[in-house]
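These figures come from a predicted structure and were not determined experimentally. Residue numbering restarts at 1 for every chain, and letters A, B, ... go by the order of the sequence lines.
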2 protein chains.
Amino acid sequence: MAKEISKPQATSADTGGRRATTARELAKMLGVSQSAVSRAFTPGASIAAPLRERILKFAAEIDYQPNAIASMLSKSRTNIIGIVVSDMRNPFYPALIERLSRALQRIGLQSLLFNIAPGTNLEEQLTALRRYNVDAVIVISATILSGQTLSWATEGRPAILINRVIEDINMSCIACNNSEGASAIAEHFYERGHKRVAYVAGLSHTTTNRERQYGFITRVAELGMTLTSQADAGEYSYEAGRRAALEIIKGKSVDAIFFANDLLAIGGLDALREEGGCRVPEDIAVAGFDDIAMAAWPHYNLTTFSQPIDDIVRVVVEKVGSNTMQLLEQPEIIRLSGELVKRKTTGL
Amino acid sequence: MAKEISKPQATSADTGGRRATTARELAKMLGVSQSAVSRAFTPGASIAAPLRERILKFAAEIDYQPNAIASMLSKSRTNIIGIVVSDMRNPFYPALIERLSRALQRIGLQSLLFNIAPGTNLEEQLTALRRYNVDAVIVISATILSGQTLSWATEGRPAILINRVIEDINMSCIACNNSEGASAIAEHFYERGHKRVAYVAGLSHTTTNRERQYGFITRVAELGMTLTSQADAGEYSYEAGRRAALEIIKGKSVDAIFFANDLLAIGGLDALREEGGCRVPEDIAVAGFDDIAMAAWPHYNLTTFSQPIDDIVRVVVEKVGSNTMQLLEQPEIIRLSGELVKRKTTGL
DNA sequence: TACCATATTGCATTCGCATTCATTCACGAC
DNA sequence: GTCGTGAATGAATGCGAATGCAATATGGTA
């Protein structure tokens with residue numbers, strides 16, 4: 001009864017050869033069929049428990065791992081999610097990417113990172129995205145990509161936009177309710193007695209900016225406050241925040257400034273205190289948006305509207321993890337609600 | 001002579017079908033062989049220029065793209081580089097990852113991100129890394145992974161460690177000369193007349209910490225300065241920096257503190273000024289390491305040792321991009337030299 | 001005992017492209 | 001005009017796992 005089983009001789013010697021054991025080889029060693037090996041590694045496949053165990057045990061011994069590439073080809077499913085990013089300078093994005101990629105990994109999905117450099121040929125860069133047959137695409141870039149480019153790049157593949165809403169584009173969008181958040185900031189200013197307020201845009205054409213701007217200005221008007229001025233920083237950066245803040249307070253009297261995101265606000269905050277000669281919050285209040293880690297640092301203690309990163313990740317993973325096709329058939333726009341975080345830049 | 005060419009009819013109708021055109025189909029439409037199509041897309045392949053052009057032109061028309069998965073399987077080369085990361089909180093890493101992934105993309109390599117969560121089963125998480133047959137692995141994690149785990153995960157695959165040096169592990173390591181950098185900081189302190197100095201470690205067992213600590217302490221001794229105290233912050237974070245700074249100045253008189261990295265230093269800086277009641281640099285000087293973007297912010301203006309990110313990226317891409325096997329055969333330890341950046345936290 | 005339903009297993013094929021091998025063709029040299 | 005040389009092309013095979021289908025085994029039933 002005892003079959004002759006070839007020993008896993010080639011396990012350690014082939015450091016140079018770099019050819020891993022294949023399912024067929026393993027099968028031969030065990031005297032079973034390659035199908036059996038494949039089934040042993042496929043949950044729910046039709047295979048008897050003892051055989052599966054025998055195979056898995058032996059596989060572990062000789063350190064066999066199914067070749068994912070071959071599997072992709074035959075299943076036409078890669079278990080890879082393409083993540084398109086363009087701005088890692090704003091800490092909000094690394095934080096999001098970190099949690100997202102971990103959550104994906106937890107359910108067996110890998111993240112292929114597409115880092116879109118501004119000012120380069122997008123289509124060329126995204127060609128790779130199309131070739132790799134990723135199961136779905138998650139776009140985290142708040143800027144840069146036009147809807148058209150996106151459609152081209154994802155080419156009928158399930159896609160989700162995070163932090164960016166484009167209608168009529170056949171993609172699901174997930175974003176926090178920017179408008180309501182900005183509204184809440186306006187109300188908060190109002191409650192603290194700041195009547196003359198200003199708004200600093202990041203990139204004025206981005207959807208996040210438009211929504212935040214709209215929400216803020218609308219509520220400001222409703223509450224009878226005065227919108228003293230608006231500035232367009234031109235980019236979502238610390239330096240831009242500094243410049244915008246100084247410009248805002250030049251000449252005019254302002255009680256409070258709402259910056260389109262935290263990075264701008266932090267830059268503005270430093271500039272106001274150090275170059276503008278203002279005390280914050282005594283002379284002027286400041287608020288941002290996102291609630292990045294730095295906002296909570298004691299030095300900044302920035303009032304902001306917190307994006308529900310965990311919720312975003314949860315929803316994205318849910319959508320991407322299950323029946324991905326559904327993303328295509330029923331693209332939907334999902335609004336998740338963030339939370340106003342009152343800190344010291346708007347009061348004591 | 002004019003052959004009947006089938007029209008690219010299936011181009012727009014199959015949004016639901018999701019099956020892209022194959023090389024064989026394209027070949028049939030054009031009346032050529034599948035080999036020809038493959039060759040048309042393979043630089044340097046043996047194919048006449050006119051035929052190649054005809055194929056490429058038609059391919060562009062019907063929006064054909066070679067399936068990368070199939071290509072991987074037959075070439076047993078994925079053009080994918082695995083990037084293992086564990087800490088995206090320290091801005092140094094996102095900055096590095098961003099430039100690295102862009103540089104890789106520029107030469108046609110994609111980045112598969114493996115985000116290692118601390119305190120989880122590493123081997124399980126890295127199983128995926130092994131299955132995906134990445135061409136090479138770049139490990140950017142300064143912490144967490146033991147040499148043994150690494151070897152297992154990369155399994156004879158070319159691997160490069162960035163910012164971490166492990167000897168006798170059959171992998172190339174690239175790091176800036178931490179020891180010299182720390183030395184330079186010590187000298188800088190000395191020149192500015194700070195004689196009583198302190199060192200704050202991040203994670204004491206990491207190689208970066210050991211090297212920086214060694215370089216600093218050694219030079220301090222050589223120059224006859226006094227090492228007043230050392231603290232181990234326990235992690236490379238802003239908060240840890242705050243705590244460590246306050247502990248350092250408790251009771252003792254210190255002229256200057258060198259923090260193992262910028263994030264710690266920035267935390268320490270804020271704490272010294274706001275809770276410690278110190279003026280920096282008048283009462284106490286502060287220096288960090290890495291030169292993250294924040295260090296240059298006017299508010300911090302932190303003296304630090306700048307890591308040569310561009311050089312690191314260049315070298316890594318060079319190694320990974322060319323003959324990857326060489327990485328295995330001749331693992332080497334490469335030290336790139338950074339640069340002391342003198343800013344206001346060590347003098348005016 | 002004979003027979004059908006179900007559970008296991010192996011065989012052969014498929015996924016889409018790269019590549020080897022053989023064939024054909026064109027051009028020069030002798 | 002013949003043979004040699006190299007380029008261009010197509011047919012066929014391989015990469016490694018998944019899977020439809022057929023074959024076999026198992027168990028229960030009449």
Side-chain angles (χ1 to χ4, degrees), chain A residues 3 10 17-56 59 62-80 108 128 130-135, chain B residues 3 10 17-56 59 62-80 108 128 130-135:
Chain A
K3 290 179 189 145
R18 289 279 320 99
R19 228 199 86 264
T21 314
T22 70
R24 171 156 278 111
E25 288 166 357
L26 194 167
K28 199 175 300 168
M29 296 184 204
L30 276 181
V32 300
S33 74
Q34 178 261 318
S35 323
V37 177
S38 173
R39 291 187 180 114
F41 279 89
T42 307
S46 169
I47 184 175
L51 178 55
R52 163 172 278 155
E53 272 178 43
R54 192 157 69 101
I55 292 177
L56 290 183
I62 68 168
D63 209 26
Y64 164 82
Q65 297 268 127
N67 180 325
I69 307 296
S71 170
M72 290 178 204
L73 184 58
S74 54
K75 285 201 299 197
S76 58
R77 192 177 190 309
T78 56
N79 280 345
I80 293 181
R130 309 185 71 205
R131 287 190 178 194
Y132 275 81
N133 266 345
V134 296
D135 290 343
Chain B
K3 288 179 191 148
R18 290 280 317 97
R19 227 198 87 266
T21 314
T22 70
R24 171 156 278 112
E25 288 166 358
L26 195 166
K28 200 175 300 168
M29 297 183 202
L30 276 181
V32 299
S33 72
Q34 178 261 318
S35 319
V37 177
S38 173
R39 291 189 179 111
F41 280 89
T42 307
S46 169
I47 184 175
L51 178 56
R52 162 172 278 155
E53 270 178 45
R54 192 158 69 98
I55 293 176
L56 290 182
I62 68 169
D63 208 27
Y64 165 81
Q65 300 267 128
N67 180 324
I69 307 296
S71 169
M72 291 179 205
L73 185 58
S74 57
K75 283 201 299 196
S76 58
R77 193 178 188 311
T78 56
N79 279 345
I80 293 181
R130 309 185 71 204
R131 287 191 180 194
Y132 275 81
N133 266 346
V134 295
D135 289 344

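- Residue contacts for S46(A): at a heavy-atom cut-off of 4.0 Å it reaches a base atom on one of the strands shown.
- The structure places CD1 of I55(B) at 7.5 Å from CG of L26(B), a figure rounded to the nearest 0.5 Å.
- Between the CZ atom of R24(B) and the C1' atom of dG16(C) there is a distance of 8 Å, rounded to whole Å.
- Taking the screw axis at each terminus of the helix from dT1(C)-dA30(D) to dC30(C)-dG1(D) from five consecutive base pairs, the angle between the two is 50° to within rounding of 10 degrees.
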What pairs of donor and acceptor atoms, side-chain ones from residues 30-39 of chain B against any protein atom, are under 3.5 angstrom apart with sequence neighbours left out?
from: S33(B); atom 1: OG; to: S35(B); atom 2: N; distance (Å): 3.4
from: S33(B); atom 1: OG; to: A36(B); atom 2: N; distance (Å): 3.2

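- Annotation: the span from T78(B) atom OG1 to M72(A) atom CE amounts to 9.0 Å, rounded to 0.5 Å.
- dT9(C) atom P lies 20 Å from atom NZ of K28(A), rounded to whole Å.
- In this structure L73(B) satisfies the side chain to side chain contact (heavy atoms under 4.5 Å, CB included) test together with I69(A), A70(A), L73(A), sequence neighbours excluded.
- Contacts with DNA chain D (heavy atom under 4.0 Å) in residues 64-74 of chain B: L73(B), S74(B), listed by number.
- By the side chain to side chain contact (heavy atoms under 4.5 Å, CB included) test, S71(A) is found to be paired with K75(A), residues two or more places apart in sequence or in another chain being considered.
- Residues meeting the side chain to side chain donor-acceptor pair (under 3.5 Å) test with R130(B), sequence neighbours left out: D63(A).
- Here the P atom of nucleotide dT8(C) and the CZ atom of R52(A) are 10 Å apart, to the nearest Å.
- Taking all atoms of both residues into account, the shortest heavy-atom contact from R52(A) to T42(A) is NH2-O, 2.8 Å.
- When all heavy atoms of Y64(B) and P66(B) are compared, the closest pair comes out as OH-CA, 3.4 Å.
- Rounded to an integer number of Å, the gap from CD1 of I47(B) to P of dT19(C) is 14 Å.
- Between chain B and DNA chain D, the heavy-atom contact criterion of under 4.0 Å yields a 5' to 3' nucleotide range of dA8(D) to dG16(D).
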Any N/O pairs under 3.5 Å between the protein and nucleotides 20-25 of chain C? List them or say none.
from: dT20(C); atom 1: O4; to: R39(B); atom 2: NH2; distance (Å): 3.0

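- A heavy-atom distance below 4.5 Å is not found between the side chains of T22(A) and N67(A).
- In this structure N79(A) satisfies the side chain to side chain contact (heavy atoms under 4.5 Å, CB included) test together with R77(A), L109(A), D135(A), Y132(B), sequence neighbours excluded.
- One can place CG of L51(A) at 17 Å from P of dA7(C), the figure rounded to the nearest angstrom.
- Using a 4.0 Å cut-off, some side-chain N or O of S33(A) falls inside it from OP1 or OP2 of dG10(C).
- At a threshold of 4.0 angstrom between heavy atoms, the contacts of V37(A) with the nucleic acid are absent.
- Applying the side chain to side chain donor-acceptor pair (under 3.5 Å) test to Q65(B) and every residue at least two apart in sequence or in another chain returns nothing.
- Distance R77(B) CZ to dC17(C) C1': 16 Å, rounded to the nearest Å.
- One can place OH of Y132(A) at 18 Å from C1' of dC15(C), the figure rounded to the nearest angstrom.
- When every heavy atom of L56(B) is checked against every heavy atom of A40(B), the shortest pair comes out as CD2-O, 3.9 Å.
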